[in-house]
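Notes for the one structure printed next.
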There are 2 protein chains.
Amino acid sequence: MRLLRSTDLALRVLMRLAVAEERTNPTTRDVAEAMDVPYTHAAKVVAELQHMELLTARRGRGGGLTLTERGRTASVGALVRAFEGEGDVVDCEGASASGAGTPCPLRSACRLRGALRQAQEAFFTSLDPLTVADIITGPTGPLLLEISRTPRP
Amino acid sequence: MRLLRSTDLALRVLMRLAVAEERTNPTTRDVAEAMDVPYTHAAKVVAELQHMELLTARRGRGGGLTLTERGRTASVGALVRAFEGEGDVVDCEGASASGAGTPCPLRSACRLRGALRQAQEAFFTSLDPLTVADIITGPTGPLLLEISRTPRP
């Protein structure tokens with residue numbers, strides 16, 4: 001079972017910002033490099049997070065990305081739900097099937113599909129009580145800062 | 001969020017067998033064609049399901065795949081858990097990262113990872129009470145039979 005890469009990245013960006021020191025707000029390029037993803041991919045996720053008012057982005061000297069209060073207290077469940085969207089956990093519509101892309105003939109009358117949707121909802125619900133601030137407390141926070149300070153090769 | 005393709009296929013194979021008429025047990029090749037997947041992929045999943053004693057496979061005339069009683073009453077949650085294994089829902093180890101395959105530097109001290117594992121467990125647990133027989137009752141059963149009867153082009 002895998003989350004979308006954009007969901008994964010959104011979580012990591014917020015975690016990274018949640019531990020950023022005030023004077024060293026990372027830029028989108030910093031984040032892309034730290035997460036080892038293409039700049040365009042990071043920029044798309046950052047734009048989405050900005051649209052959701054979870055971070056602010058300022059250009060120029062002293063600029064960079066800053067987590068908003070709303071971002072710090074955002075529910076991880078709500079965030080994952082928003083980034084994952086309404087997609088099925090199995091390929092009912094044949095979007096990525098073996099070349100042919102044939103939709104599953106059962107898709108209109110499948111009890112499994114509904115059960116899998118409920119299971120997905122249970123997954124999201126389990127993450128609902130957790131905030132971005134919660135997942136960077138404990139050992140993760142200091143470690144993230146240490147990583148940020150490591151000079152790049 | 002996506003399940004592995006083998007999990008998806010395992011569920012469909014069991015559903016297909018659960019509605020098979022006694023004299024027309026499908027073969028692995030039939031199943032592969034009906035599900036529009038490569039034969040080798042179907043054969044691997046069928047072998048795994050046979051190993052789990054959820055189906056029997058007989059060669060030759062009058063042979064084919066048959067669901068066992070254990071297969072009919074198998075928990076969908078247990079099946080999905082078995083096929084999904086212990087993998088992370090995000091790419092902590094960098095196995096499929098953007099070319100470089102760099103493991104996430106946080107993986108040893110990440111509170112998110114544990115939370116995502118719990119969420120995955122909530123997903124499985126939600127499917128636990130459901131059996132293979134359950135998901136083919138209702139409209140899905142008759143429809144599956146209709147599909148099986150459709151002559152191939």
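Since the model is a prediction, treat every value here as computed from it, not as a measurement. Just so it is clear: chains get the letters A, B, ... in the order the sequence lines come, proteins before strands, and each one is counted from 1.
In this structure, the portion of A:V76 lying under 4.5 Å from any heavy atom of chain B is its side chain and not its backbone. Of the two parts of A:L11, only the side chain, counted from C-beta on, holds a non-hydrogen atom closer than 4.5 Å to a non-hydrogen atom of chain B.
A:M52 and A:V80 fall within the same hydrophobic cluster, where Ile, Leu, Val, Met, Phe, Trp and Tyr residues are linked whenever their side-chain heavy atoms come under 4.5 Å apart, directly or through other members.
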A:M1/B:L3 under side-chain contact (heavy atoms from CB on, under 4.5 Å): CA gap, chis, key distance, verdict: CA-CA 4 Å; A:M1 194 192 304; B:L3 297 185; 4.0 Å; yes
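The list of side chain to side chain donor-acceptor pair (under 3.5 Å) pairs with a residue in residues 68-79 of chain A, not counting sequence neighbours, reads A:E53-A:R70.
Within residues 120-130 of chain B, the residues having any heavy atom under 4.5 Å from a heavy atom of chain A are, by residue number, B:Q120, B:A122, B:F123, B:F124, B:S126, B:L127, B:L130.
Expressed to the nearest 0.5 Å, how far CD1 of A:I135 lies from CG of B:L116 amounts to 8.0 Å.
Heavy atoms from other residues, nucleotides or ligands lying under 6.0 Å from CZ of B:R58 number 12 at most.
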